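Contents: one structure, followed by commentary.
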Amino acid sequence: MSNTAAAKKSKDLSGHDYIEIIGAREHNLKNISVSFPRNKLVVLTGISGSGKSSLAFDTIYAEGQRRYMESFSAYARSFIGNLERPDVDKINGLSPVISIEQKTTSRNPRSTVGTVTEIYDFMRLLFARAGEAFSYINGDKMVRQSEEQILDAIIHNYTGKKLVVLAPVIKGRKGHYRELFVQIRKQGYSKVRVDGEVMDITAKMQVDRFKIHDIEIVIDRIVPTAADRYRIGQSVNTALKEGKGVIMVQEENGKVNHFSKFLMDPKTGLSYDEPAPNNFSFNSPYGACPTCTGLGQIEEITEESVIPDKKLSISRGGILPLGEYRDIWIFKKIEAILKRYKLTLTTPIKDIPKEALKVLLYGDDEPVAVASVKYPGTEWNTKFEGIVNFLQKQKDEGSDAIKKWVDDFTITKVCPECHGARLKKESLHFKIDQKNIAQLADLNIDALKKWFDGLESRLNEKQKVIAAEVLKEIRKRIGFLLDVGLDYLHLNRPLRTLSGGEAQRIRLATQIGTQLVGVLYILDEPSIGLHARDNSKLIKALKDLRDLGNSVIVVEHDKEMMLEADYIIDVGPGAGRHGGHIVAEGDPKTFLKIDSTTAKYLSGKIGINYSKQRRKGSGEKLSLMGATGNNLKNVDLEITLGTFTCITGVSGSGKSTLIHETLFPILNQHFFNSRQEPLPYKKIEGLKLIDKVIEVDQSPIGRTPRSNPATYTGVFTDIRDLFAQMPEAKIRGYKTGRFSFNVKGGRCETCEGAGLRLIEMEFLPDVYVPCETCKGKRYNRETLEVRFKGKSISDVLDMTVEEAVQFFENQPRILRKIQTLGEVGLGYISLGQHATTLSGGEAQRVKLATELSKRDTGKTLYILDEPTTGLHFQDISHLLDVLQKLVDKGNTVLVIEHNMDVIKSSDYIIDLGPEGGQGGGRIVAKGTPEQVANNPASFTGKFLRPELE
């Protein structure tokens, strides 16, 4: 049956041709009713805050999830609690719903691209069943033999030679083994070989318990001949039983040979356990490197991190965790230790001998005498544990605040044992076609596909049979990742380092892999972080999902996606209270004829204006030379100061490596003494030309509902001060702290000021429900009785930014911070909106507003990462106005961006590429937008040309 036929059939089975929503009033939706066709690709668009997400996620998805819960038994539901029904009259034709959002990426360093897509799980199975083992001592191939093969080898190789058959029982372990010798004797054996020497077992026999020993039982002494096969066979059988599958044969000259039913190197006697899939998992104790527990890196407190400047003396604060000299116990101990070496606390650290420094940092067993203050004339003699050891102990056992303090002296480095491969050395010596599993996990998806192509021709017959099914599954999943444009990622890439769009596209690839039919998928801007060149791949993937017989709803602002959709719904016309209506809907042809803002932008009737006059800048440059981190190929970056510069390039070309992981950490170390190490580079020039750097990225502004735009921007402190000045507050003796929802006193104690309670779902994502005591207001009744202009502090938190601007118009300190939130297009969010409900783009704009509300110096470098995420054409126009104003004041704005409207409005473009992953990492074009558009080597230029025309 064709895909189309399958789609028709699933449509008929449901009995509905349309999904109908009647009377939706969730958040700012104005009692809207809308219907759209099933099994089609439907795009929901509209300006930020118009109510798209309220319709897609808070109405359609919430109702779908609630109906799924209703299907559970009453017993199961009693553990979950009831989900609130969204504020909607009726939804018809709803299928089971799966949402793929931006916010659901894992922060766990053990979650990688490989584990999430299950490719790594199948590779573990492949290596466990078809991998060939090699010795990590000499690199020889390991062999496993049956009992018959061992017997044949002994008779064939040692005919007529005197041999001792041994069964190893202890290998390289300490202990006196008195009980073991008694047990061996009881079994009827009279001799053992201890550390290479054969001896009789005597009464009360034991060995040195503090030394490492090898002990074997002497099973038999034989001279092999073919005639004695039966007798030798019995000895071999007994030896294998006692030695748990391993047997040793000693010749007259003392040379020992090893045989095993398991994997073993015959020369050295090294043996491996039978491989299982968990031997190749870095999340299992059976496979993880014991030094870094499978993380590939370790955190260490080093001499350099504790003593950054050796020119200082200890009394001047040379040892960072101790600070400058104070009259406290630890300084007296250090003074006493230095006295041994005829030194004082004022000696510069560079002049302290290594031996003394080692004692200060790592301690020793010699007691240190310190005079007692309490009992004059007496001395306390105690050992000194060392500063590094003390910090390590606090890191392991201290409170959260102490651990955070110790983190300042901790540096992360590649694990010295596994060199970042995450696995035990045994696991790394199982190979297929000369490669181990860690080497494959380090290849990007494109290179991995090439390696798996034609792998069968490089396998032996047995491996081919075992690997056939597994290879099919691996290839299928690699294909899905390539389909959504993620060819530049590698399997070892931690999930937390991906952008919101990349993480969504990975989940999208996984969903296509499940081959479900009749499902409603809801996606939230999957095109984030995707270059215009790869957009067609994403659209094709979504159409494939639709053609399987699924309905796909995408909340999206991308022009190409809208024009390729089957149906478009435009929510608006404004944001917040001014939105919540359906302003236009229809298939793309019909939609373009409608008189809505989005339709006008799509049809080109209105566009984003930009100046053809490109700024030349101040003439001064910030230059970074020889950047070679990740996939960068010795890149030299020059940023003209006083300009609006765009860093562009296809996904995975090295933009984030160059800016976030090389340039920003260098500047951050220079201005703010940050501990984050930049990736390798040769030198940087021009640091004196700027006086601070501000990075605005898409990480959440907080991970709990306690964080909100008011607390993040700092305006809430000013609002609380204002409420504490009210006459009612003064009469009652309320201070500023009374109006905080994070401390006891004024907050509601049921939800501890969160306004929500977390319901932990056993097998689904956790759900937040409004607190039943304060009904989400966060405060107790007494606190809410203090009012300013008739509003309580809870009412202020519920105000949108727009309303707050009017409400606080006579409070300049508060007004300035709130106004900047409005300027970056966030007029529709409420001041107290929970951080967990903000999208990546909104969180980024809250950060941007926070930085903009501070006084700029005219010499600031702003670094922004895709600030257009979640922005409609109209909002992009507002954002560009704000950024251009910053540059007009003399500041430099550096933006990583794929959006053509921003790129064409910039003064200067630096385009990385040409491809992603190893095919990228070079600057392929630079210059004004016009120059880059005419550069044939640049993919960005190709898509920029029509925009400029």
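Start at 1 with the first residue, then count along the sequence. If you're wondering where the values come from, they're calculated on a predicted model, not measured in any experiment.
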Could you go through the side chain to side chain donor-acceptor pair (under 3.5 Å) check for D911 and T648 one step at a time? CA-CA 5 Å; D911 190 33; T648 62; 2.8 Å; yes
Salt bridge (Lys or Arg N to Asp or Glu O under 4.0 Å), that's the test. Do K543 and E564 meet it? Break it down for me. CA-CA 9 Å; K543 286 182 171 177; E564 288 282 334; 2.7 Å; yes
Given T857 and T860, is the side chain to side chain donor-acceptor pair (under 3.5 Å) satisfied, shown in steps? CA-CA 6 Å; T857 55; T860 305; 2.9 Å; yes
Let me see the working for H531 and T940 under side chain to side chain donor-acceptor pair (under 3.5 Å), right down to the final yes or no. CA-CA 8 Å; H531 190 271; T940 306; 3.0 Å; yes
Full working for salt bridge (Lys or Arg N to Asp or Glu O under 4.0 Å) between E803 and R577: CA-CA 10 Å; E803 293 164 345; R577 287 181 314 167; 3.4 Å; yes
Show, in sequence, the C-alpha distance, side-chain angles and deciding distance for S54 and N28, and conclude whether the side chain to side chain contact (heavy atoms under 4.5 Å, CB included) test is met. CA-CA 8 Å; S54 299; N28 66 336; 3.9 Å; yes
Evaluate the salt bridge (Lys or Arg N to Asp or Glu O under 4.0 Å) criterion for residues R38 and E20: first the C-alpha distance (whole Å), next the side-chain angles of each, then the deciding distance (0.1 Å), finally the verdict. CA-CA 10 Å; R38 282 171 58 86; E20 291 177 288; over 6 Å; no
Working for side chain to side chain donor-acceptor pair (under 3.5 Å), residues R614 and Q931: CA-CA 12 Å; R614 312 293 180 186; Q931 289 167 332; over 6 Å; no
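At distances below 3.5 Å, not a single donor-acceptor pair connects side-chain atoms of E556 with backbone N or O atoms of T45. Remark: side-chain polar atoms of R505 are paired, donor with acceptor, to backbone N or O of I528 under 3.5 angstrom.
Nearest approach of G652 to N631, heavy atoms of both residues: O-ND2, 3.2 Å. When all heavy atoms of T598 and H872 are compared, the closest pair comes out as OG1-NE2, 2.9 Å. Counting all heavy atoms, side chain and backbone alike, L41 lies closest to A565 at O-CB, 3.7 Å.
No more than 12 heavy-atom neighbours from other residues, nucleotides or ligands sit within 6.0 angstrom of NZ on K621.
Rounding to the nearest 0.5 angstrom, the gap separating the CG atom in L538 from the OG atom in S527 is 6.5 Å. The line from CG of N550 to CG of L542 is 11.0 Å long, rounded to the nearest 0.5 Å.
If you check the side chains of D875 and S48, you find a donor sitting under 3.5 Å from an acceptor.
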